[in-house]
There are 2 protein chains.
Amino acid sequence: MWPENNSDGQETPPRRSFIEEARRAQIIGAAITTIAETGFDAASLAQIAARAGISKGVISYHFAGKDELMEQVVTQVYTSVTESTLPRVLEQESAIAMLRTHILTIAAYMRDHREQLMALREIFTKFRTPEGRPHYGITANEGIYEALEGLYRAGQDSGEFRPFDTRVMAVSQQAGIDSMFDYWATHPDHDLDIHARELADLFEYAVRPQSPGP
Amino acid sequence: MWPENNSDGQETPPRRSFIEEARRAQIIGAAITTIAETGFDAASLAQIAARAGISKGVISYHFAGKDELMEQVVTQVYTSVTESTLPRVLEQESAIAMLRTHILTIAAYMRDHREQLMALREIFTKFRTPEGRPHYGITANEGIYEALEGLYRAGQDSGEFRPFDTRVMAVSQQAGIDSMFDYWATHPDHDLDIHARELADLFEYAVRPQSPGP
DNA sequence: TTAAATTCTGGCCATGTGGCCAGAAAATAA
DNA sequence: TTATTTTCTGGCCACATGGCCAGAATTTAA
């Protein structure tokens, strides 16, 4: 469960010195910046160490290897976005409001944490095992999909939503959000607010019951 | 315009011998298979040559470098999918029918050309210039976006579609299609037909005029 | 102050990369 | 047949990578 085991075998987080904690945070931050700026492949340990202003060996000393460093980056960013987003969604009272809030809140988070999300997306798409399988492919979204499916089913049960395949809707909504980020990251002048509102409209229309058109 | 210039400076396609043409096709095919199976990063010239059963130097002889080989792969796959898809869309008579046909036809193409599309997606997401910028990032979709926007505007002008931001709709629809492929590629037992029909429904509901719900 | 543990440095290593080339082999021309 | 061009081989190169280590520097403990 924890990345390291204590000698006493307890499943407690490893006790870390002040220096260790500070270095790990510094290195994780340098990794995020480096990956966001240069892409995953070019973010070598040497680059990350140079950005942090430390020797390359320090990373090897504080992390088991590049893999553990990448895992820590993912954990930190993923935790942060979830904590900033999920409560806002859950406090809504209708399924429709939850849907809108999900999209709008994530867009707001993107605006303030562009670097972190760029790093996360780089790692998700490019981090592979030695055998070539993704560490965090689309399967890493499974948790999100299941949460969204719960939201959809609630809306369908209450009659707010029409019947549809919840898995397809979840995959598509998450893809819509990811593409919003990708497009904005590539076109920084693109209006993220408008995009978010339009995307919320899109899915609101997509899920609502509707009599056949003329 | 063409990847190579003739000595006479004419902008004609380079005259290639039979052997040259066959080798290029063979190498492009081996590159597609290798990228699809092992991912872009692991698809070294050595791997591609080994799969083709030839010496590594042959690739250097027939292609200017790895970059030109990747470009040729993209060109071939992109041309193929466009030729198989676009005519079907254009023969439809209503904007709604075009929308549905676009999604369903691409899904059908996916089923029969999984390997090619996996390679294309690998190259799109991972092929970078030495400076770290993507060769074909999301900007490579610009042509698709513009075509879709034309379709949307036609539907809006005819009253088939509600008003919405066409750029956001185009980005989202393409993202929905790409995610359908990614999900299916990761979960081969996933029902691609159902997914395509549900996705077509999703966007049909999303674009149609609709009176506000209850 | 001295001793021990922690933290850091700079450099070395094996590995894999894309590009390149001299010369062998094969196809084509004379 | 012989001469010439095209095609191919196998190996070499410089470079970058992640991991590793001996010993120096620093912090903490006694």
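Sequence lines set the chain letters: A, B, ... in the order given, protein chains first and strands last, and positions in each chain run from 1. What you see is a predicted model; the values in this text were computed from it and never measured. Any value given below was found using the heavy atoms of this structure, including those in side chains, with hydrogens, waters and symmetry copies removed.
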Inset, instruction - Check A:Val77 against A:Tyr109 and note the closest heavy-atom contact, atom names and distance. - result: O-OH, 4.4 Å
Legend entry - Heavy-atom closest pair, residues B:Ser172 and A:Ser179: CA-OG, 4.4 Å
Does [X] have a side-chain nitrogen or oxygen under 4.0 Å from the phosphate oxygens OP1 or OP2 of [N]?
{"X": "B:Ser44", "N": "C:dT17", "result": "yes"}
{"X": "A:Tyr61", "N": "C:dC8", "result": "no"}
{"X": "A:Arg23", "N": "C:dC8", "result": "yes"}

Legend entry - Any residue meeting side-chain hydrogen bond (donor to acceptor under 3.5 Å, both in side chains) with B:Tyr136, in chain and number order, not counting sequence neighbours: none
Inset, instruction - Indicate whether the side chain of A:Arg23 and that of A:Gln26 have a donor and an acceptor atom separated by less than 3.5 Å. - result: yes
Legend entry - B:Thr34 and B:Arg51: side chain donor to acceptor below 3.5 Å: yes
Can you measure [X] atom [atom1] to [N] atom [atom2] for me and round it to whole angstrom units?
{"X": "A:Phe63", "N": "D:dC20", "atom1": "CZ", "atom2": "C1'", "answer": "18 Å"}
{"X": "B:Asp67", "N": "C:dG18", "atom1": "CG", "atom2": "P", "answer": "11 Å"}
{"X": "A:Arg24", "N": "C:dT7", "atom1": "CZ", "atom2": "P", "answer": "12 Å"}
{"X": "B:Glu68", "N": "C:dG19", "atom1": "CD", "atom2": "C1'", "answer": "14 Å"}
{"X": "B:Ile59", "N": "D:dT7", "atom1": "CD1", "atom2": "C1'", "answer": "14 Å"}
{"X": "A:Met70", "N": "D:dG18", "atom1": "CE", "atom2": "C1'", "answer": "12 Å"}
{"X": "A:His62", "N": "C:dT9", "atom1": "NE2", "atom2": "C1'", "answer": "12 Å"}
{"X": "A:Phe127", "N": "D:dG18", "atom1": "CZ", "atom2": "C1'", "answer": "12 Å"}

Inset, instruction - Take A:Ala43 and B:Ile54, find for each the nucleotide of DNA chain D with the closest heavy atom, and name the residue whose nucleotide sits nearer the 5' end. - result: B:Ile54
Can you check nucleotides 10-13 of chain D for protein contacts, nitrogen or oxygen pairs under 3.5 Å, and list what you find?
from	atom 1	to	atom 2	distance (Å)
D:dG10	N7	B:Ser55	OG	3.1

Legend entry - Carboxylate-amine/guanidinium proximity below 4.0 Å for A:Arg111 and A:Asp193: yes
Legend entry - B:Glu142 bridged to B:Arg167 by N-O distance under 4.0 Å: yes
Legend entry - Note, A:Ile59 side chain near A:Tyr61 side chain (heavy atom, < 4.5 Å): no
Inset, instruction - Residues of residues 25-37 of chain B with any non-hydrogen atom less than 4.0 angstrom from an atom of DNA chain C: list those, numerically ordered, please. - result: none
Legend entry - Candidates D:dG18, C:dG18, D:dT7 - which lies nearest the side chain of B:Leu45: C:dG18
Inset, instruction - Please round to the nearest 0.5 Å and tell me the distance separating atom CG of B:Leu99 and atom CD of B:Glu204. - result: 7.0 Å
